[in-house]
Amino acid sequence: DNIVRLLALAEGPGGELALVMEWAEGGSVADALYARNYPLDEASIAMQVAAALHFLHSLPPPIIHRDVRAANVLL
């Protein structure tokens with residue numbers, strides 16, 4: 001529920017990686033903060049991010065995100 005699914009991974013000719021993920025209708029938290037047009041419940045978002053990270057870290061083997069920031073938290 002709290003994690004956007006990764007659908008595909010591709011490597012470009014220069015070695016750059018592209019991720020294809022399921023669509024998140026609301027954009028990112030950074031987008032919402034910049035536009036100031038989305039009612040944000042910061043406590044709820046923080047709890048959902050914590051739950052998602054806990055789930056990822058609990059997997060065998062654990063998945064570590066390494067870049068948790070407002071631009072990478074999708075609504």
Practice task
Please list, chain by chain and in numerical order, all residues satisfying side chain to side chain donor-acceptor pair (under 3.5 Å) with S58, sequence neighbours excluded.
Solution key: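 Partners of S58 under the side chain to side chain donor-acceptor pair (under 3.5 Å) test: none.
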Exercise for the section: Spell out, yes or no, whether V73 and L40 are grouped together once hydrophobic residues are joined by side-chain heavy atoms under 4.5 Å, including indirect joins. Expected result: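 V73 clusters together with L40.
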Problem - ILVMFWY cluster, V49 and L33 together (side-chain gap under 4.5 Å) - result: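 V49 clusters together with L33.
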Could you list who else is in [X]'s hydrophobic cluster, with ILVMFWY side chains joined at under 4.5 Å, directly or through other members?
X: M21; answer: V4, L6, L9, L17, L19, L74
X: I64; answer: none
X: L7; answer: V20

Practice task
Identify, with sequence neighbours excluded, every residue that meets side-chain contact (heavy atoms from CB on, under 4.5 Å) alongside A46.
Solution key: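 A46 satisfies side-chain contact (heavy atoms from CB on, under 4.5 Å) with no other residue.
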Problem - Listed partners of F55 passing side-chain contact (heavy atoms from CB on, under 4.5 Å), at least two apart - result: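 Partners of F55 by the side-chain contact (heavy atoms from CB on, under 4.5 Å) criterion, ordered by chain and then number, come out as I3, L59.
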Exercise for the section: With sequence neighbours left out, write down each residue that passes salt bridge (Lys or Arg N to Asp or Glu O under 4.0 Å) with D67, or none if nothing qualifies. Expected result: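 Testing D67 for salt bridge (Lys or Arg N to Asp or Glu O under 4.0 Å), a comparison that skips the adjacent residues, returns R69.
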Practice task
For S28 and A71, work out which heavy atoms get closest and say how close.
Solution key: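 S28 and A71 have their closest heavy atoms at CB-O, 3.5 Å.
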Handout entry: Pairs satisfying salt bridge (Lys or Arg N to Asp or Glu O under 4.0 Å), at least one member in residues 32-44, at least two apart
Key =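 Passing the test, one end in residues 32-44: no pairs.
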Problem - D31 vs L75, side-chain contact (heavy atoms from CB on, under 4.5 Å): CA-CA, chis, key distance, verdict - result: CA-CA 10 Å; D31 295 337; L75 302 170; over 6 Å; no
Problem - Selection residues 4-24 - residue pairs positive for side chain to side chain donor-acceptor pair (under 3.5 Å), sequence neighbours left out - result: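 For residues 4-24: W23-E25.
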